[in-house]
Amino acid sequence: MRRILLYIFVYLAVYGLVVCVGTWAWYMLGEGQGAAEAWHSFATATALTPAVMCALTATYTVLLLYIYITRQWCPRPWLAPEHVVPVIYLLTAWAALATLLPSLALQELLPPLPDAAREQTMTLLSSPYGYIMIGLLAPVLEEVVFRGAVLKALVDRTQRPALAIVLSALIFALLHFNPAQMPHAFLVGLLLGWLCLRTGSIVPGILFHWLNNTTAYALARLAPQCNDQSLGEVFGSSALAVGAVALSTACLIAAVIILQRRTRATTIGHRHHIDPQK
């Protein structure tokens, strides 16, 4: 348990330190504010530009990757994709794309949740810098931390992979610190945790995460009017929306079933990757 708490503490500490110090320094150096004025801007959450947010994200991403990889908190074999055959990546991409509509449908069925990061998210989605953060940096960092380190430690601690996957997904969702994102993050976290243990690598998960985030970014840029519409409004009718969600759900289930069969066949000779006890 101490290892798990250490991993989470380091993640939050580095993230918080870089964001706090970097933001305060930007107000002073970039905006020419005095120390007191810079502190007031920071305390009142005066918005940063996407370029500055991207620079801060890149900074804490590099620092955290260095810590987690050099200290081997994320096992080195899980960073290596050599034993993962190409068809696994195709199935992973299939599953990633098929996840979007069922997740959106579930969010519509849930009571409205506070969206604490809506303004910041919309700012990022309107800028190429936002894609660097959402589409490139986040998938790599979050897979290293939450699947590579936290999930591995939970499996070692509980000796129950299914429970470890659920707990890691819950931690992943909670550390988004935004209720509106938590249901989707939890469901995706379940799939990513399962995928990591099945393939013995976080690389397929990075692909899944990248496609998921990239698709969301692309849709927000290409069809911004859909951001505030229900699926029924997007598809033109509730019947079409239900059909699309059902088809997407069927595709997701099929992808998971095939992945289960293919990973059993392709990784059976790599038990040191699959079985965290060994």
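It should be emphasised that the depicted structure is a prediction, and the values quoted were computed from it without experimental measurement. FYI, side chains are in, hydrogens and waters are out, and symmetry mates aren't considered; it's all heavy atoms of this structure.
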Legend entry - Greater than 12 external heavy atoms within 6.0 Å of Arg160's CZ: no
Legend entry - Side chain Thr263, main chain Gln260, donor-acceptor under 3.5 Å: yes
Inset, instruction - Could you check Met182 against Leu113 for side-chain contact (heavy atoms from CB on, under 4.5 Å), going step by step and ending with a plain yes or no? - result: CA-CA 9 Å; Met182 288 179 184; Leu113 297 171; 5.9 Å; no
Legend entry - Minimum heavy-atom distance between Pro50 and Thr123, given as atom pair plus value: CG-CG2, 3.8 Å
Legend entry - Sub-4.5 Å side-chain heavy-atom contact between Leu64 and Val144: no
Inset, instruction - Please check if the side chain of Thr61 supplies one atom and the backbone of Thr57 the other of a donor-acceptor pair under 3.5 Å. - result: yes
Inset, instruction - Find out if a path of hydrophobic residues (ILVMFWY) with successive side-chain heavy-atom gaps under 4.5 Å connects Leu79 to Val85. - result: yes
Inset, instruction - Answer with yes or no whether the hydrophobic clustering places Ile253 together with Leu104; edges join I, L, V, M, F, W, Y residues whose side-chain heavy atoms lie under 4.5 Å apart. - result: no
Inset, instruction - If the plane angle is over 60° it's perpendicular, under 30° parallel, otherwise tilted; pick one for His209 and Phe172. - result: perpendicular
Inset, instruction - Walk me through it: do Trp94 and Leu90 pass the test side-chain contact (heavy atoms from CB on, under 4.5 Å)? - result: CA-CA 6 Å; Trp94 175 6; Leu90 292 176; over 6 Å; no
Legend entry - Nearest heavy atoms of Thr249 and Pro102, plus distance in Å: OG1-CG, 3.4 Å
Legend entry - Val188 side chain reached by Ser103 side chain, heavy atoms, under 4.5 Å: no
Inset, instruction - Please step through side-chain contact (heavy atoms from CB on, under 4.5 Å) for the pair Leu191 and Val256, ending with a clear verdict. - result: CA-CA 9 Å; Leu191 279 170; Val256 169; 4.0 Å; yes
Inset, instruction - Go through Leu259 and Arg198 one step at a time and tell me if the side-chain contact (heavy atoms from CB on, under 4.5 Å) criterion holds. - result: CA-CA 8 Å; Leu259 269 169; Arg198 290 299 304 177; over 6 Å; no
Inset, instruction - Quick one: pull up OG1 in Thr92 and CH2 in Trp210 and give me the separation to the nearest 0.5 Å. - result: 12.5 Å
Legend entry - pair Phe186-Leu174: side-chain heavy atoms closer than 4.5 Å: no
Inset, instruction - Check whether Ile134 and Phe177 end up in the same hydrophobic cluster, where Ile, Leu, Val, Met, Phe, Trp and Tyr are linked by side-chain heavy atoms less than 4.5 Å apart. - result: yes
Inset, instruction - With the side chain counted from C-beta on, respond yes when Val203 and Leu207 share a heavy-atom pair under 4.5 Å apart, and no when they do not. - result: no
Inset, instruction - Specify the closest pair of heavy atoms between Pro75 and Lys152, including all atoms of both residues, with the distance to one decimal. - result: CG-CG, 3.9 Å
Legend entry - Interatomic distance, Leu151 atom CG to Leu167 atom CG [nearest 0.5 angstrom]: 10.0 Å
Inset, instruction - Search all heavy atoms of Pro161 against all heavy atoms of Val155 and return the closest pair with its distance. - result: CA-CG2, 4.4 Å
Legend entry - Donor-acceptor pair, side chain of Gln159 and main chain of Asp156, under 3.5 angstrom: yes
Legend entry - Same apolar cluster: Leu170 and Ile4, side chain cutoff 4.5 Å: yes
Inset, instruction - Kindly check if the number of other-residue, nucleotide or ligand heavy atoms within 6.0 Å of OH (Tyr129) is above 12? - result: no
Legend entry - Pairwise distance CG(Leu137) to CG(Leu65) - rounded to 0.5 angstrom: 8.5 Å
Inset, instruction - List the atom of Cys196, the atom of Ile202, and the distance in Å for their closest heavy-atom pair. - result: SG-CG2, 3.9 Å
Legend entry - Nearest heavy atoms of Gly22 and Leu56, plus distance in Å: CA-CD2, 3.6 Å
Legend entry - Cluster overlap Leu100 with Leu187, hydrophobic side-chain contacts below 4.5 Å: no
Legend entry - Whether Tyr11 and Phe146 hold their rings parallel, tilted or perpendicular, with breakpoints at 30° and 60°: perpendicular
Legend entry - Nearest-0.5 Å distance, CZ of residue Arg3 to CD1 of residue Ile8: 12.5 Å
Legend entry - Distance, nearest 0.5 Å, that separates CH2 of Trp78 from CG of Leu197: 5.0 Å
Inset, instruction - Check the surroundings of atom OH in Tyr68: do more than 12 heavy atoms from other residues, nucleotides or ligands lie under 6.0 Å from it? - result: yes
Legend entry - Between OH on residue Tyr15 and CG on residue Leu141, distance to nearest 0.5 Å: 11.0 Å
